[in-house]
Amino acid sequence: MRTFMAIRTNDEVENEMVKIQKFLMDNEFFGTWPRKENAHLTLFFFGDIDEKKIKKIEGIMDDVSKDFKPFSLEFNGVGVFPPKGLPRVLWMRGIGEEVSELYSSLNERLKKIGFSFGAEFTPHLTIGRLKGIPKDWNETISKIEYDPLKVECKDIELFSSTLTPKGSIYNSIHKSEFGG
C-alpha cells in the first residue's frame, strides 16, 4: 500500500493554497495542483509498504505522539524545490520548532525499522508540481504574499494514497493524537 504520514491543515490554509494556485495558473504556470481536500504537511513518504511495516509505523506514531502536546504551526511565505535552477515544486512554508522536533523524534524511531530519511526537514504544504513555467517565473513567485496562517496540530495521521487519472485519493488509515 502506498502510504505517507502527515499533519492535516485547516480551511484557511487550504483556501489560501487555492488562491495561490489560481494566481499561478493565471500567470502561465502549468502543472498538477493538489485539491483543497488533499492539503496536508507531509512528514514522511513511505511509498509502497506491506501491512507488517504499516503496523510498526502505527506503533511508532502512537508512542511518539504521547510525548507531544498540541502545538501551533504557522504558514508564512512560499518556496520551491529544488532551491536552485528551475523549480519543480512550489510550496507554502511551515514554521514551527515543535513540528521539527516531532519529525526528529519520529525519524529516529523509523530508522530502527529500516527507513532512511534525511535529518534535514523543510515543513511545507505543496501548492503544485510544476510542468511548465513562464520566463519571468521568479518575479511572479516573488509577488506571492499572504498573511501568516496558523494551524492547530493535535495529531498525526497515516494515509494511503491511490493514484488515479483524476489525481490522488487519500484515505486516513491511522491517527495518533498528541497526549503530552
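Salt-bridge check for E177 with K154: failed, with every basic side-chain N at 4.0 Å or more from each acidic carboxylate O. Comment: D26 engages K22 in a salt bridge, judged by a side-chain N to carboxylate O separation of less than 4.0 angstrom. Salt bridge annotation for E14-K36: absent, with no cationic side-chain nitrogen under 4.0 angstrom from a carboxylate oxygen.
The OG1 atom of T162 lies 8.5 Å from the CZ atom of R2; values are rounded to the nearest 0.5 Å. In this structure, CG on L41 lies 5.5 Å from CD1 on I7, to the nearest 0.5 angstrom. Taken from NE2 in H40 to OG1 in T9, the straight-line distance is 9.0 Å, to the nearest 0.5 Å. Summarising the geometry, atom CD1 belonging to I173 is positioned 4.5 Å from atom CD1 belonging to I54; distances are rounded to the nearest 0.5 Å. Within the model, atoms CE of M5 and CD of E58 stand 9.5 Å from one another, a figure rounded to the nearest 0.5 Å. With rounding to the nearest 0.5 Å, the separation of CH2 in W33 from CD1 in I20 is 10.5 Å.
Between the side chains of S176 and D155, no donor N or O sits under 3.5 Å from an acceptor N or O. With hydrogens and angles left out, the side-chain atoms of H174 and S172 include no donor and acceptor closer than 3.5 Å.
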Derivation of the ring pair (Phe, Tyr, Trp, His ring centres under 6.0 Å) call for F71 and F178: CA-CA 9 Å; F71 59 87; F178 297 139; 5.5 Å; yes
Worked check of side chain to side chain contact (heavy atoms under 4.5 Å, CB included) between F30 and M25: CA-CA 6 Å; F30 300 95; M25 288 184 265; over 6 Å; no
Side chain to side chain contact (heavy atoms under 4.5 Å, CB included) between E74 and L149, intermediate numbers included: CA-CA 5 Å; E74 180 178 297; L149 301 166; over 6 Å; no
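In this structure, N76 and P148 approach most closely via the heavy-atom pair ND2-CG, 3.6 Å. Looking at every heavy atom in both residues, S72 comes nearest to E152 through OG-OE2, 2.7 Å. Residues R35 and S168 approach most closely at NH2-O, 3.0 Å, considering heavy atoms. Contact between P34 and Q21 at its shortest, heavy atoms only, is O-NE2, 3.0 Å.
Sorted by first and then second residue, the side-chain hydrogen bond (donor to acceptor under 3.5 Å, both in side chains) pairs with a member in residues 133-149 form an empty list; sequence neighbours excluded.
Side-chain N or O atoms of R93 include one that pairs as donor or acceptor with a backbone N or O of V78 at under 3.5 Å.
The side-chain contact (heavy atoms from CB on, under 4.5 Å) test with I60 is passed by exactly one of D63, D62, I57, V64: V64. Results of the side-chain contact (heavy atoms from CB on, under 4.5 Å) test with L102 over L43, D67, L73 single out L43 as the only residue that passes.
Applying the under-4.5 Å side-chain rule to Ile, Leu, Val, Met, Phe, Trp and Tyr, the cluster around F45 extends to F4, F159, Y170.
E28 CD: 12 or fewer foreign heavy atoms inside a 6.0 Å radius. The number of heavy atoms from other shown groups lying within 6.0 Å of CD (E37) is above 12.
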Side-chain polar contacts of residues 115-130 - donor-acceptor pairs under 3.5 angstrom, sequence neighbours left out - could you list them?
from	atom 1	to	atom 2	distance (Å)
H124	ND1	T122	O	2.7

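Cluster membership for I144 and F81, using ILVMFWY side-chain heavy atoms within less than 4.5 angstrom, is not shared. Neither L24 nor W91 shares a network with the other; the hydrophobic side chains, linked directly or stepwise wherever heavy atoms of I, L, V, M, F, W or Y lie under 4.5 Å apart, form separate groups for each. A chain of hydrophobic side-chain contacts below 4.5 Å, direct or via other Ile, Leu, Val, Met, Phe, Trp or Tyr residues, connects V80 to L86. In this structure, F75 is not a member of the same hydrophobic cluster as V89, with clusters built from ILVMFWY side-chain heavy atoms closer than 4.5 Å. Under a hydrophobic-cluster definition in which Ile, Leu, Val, Met, Phe, Trp and Tyr are linked whenever side-chain heavy atoms come within less than 4.5 Å, directly or via other members, F44 and I113 are assigned to the same cluster.
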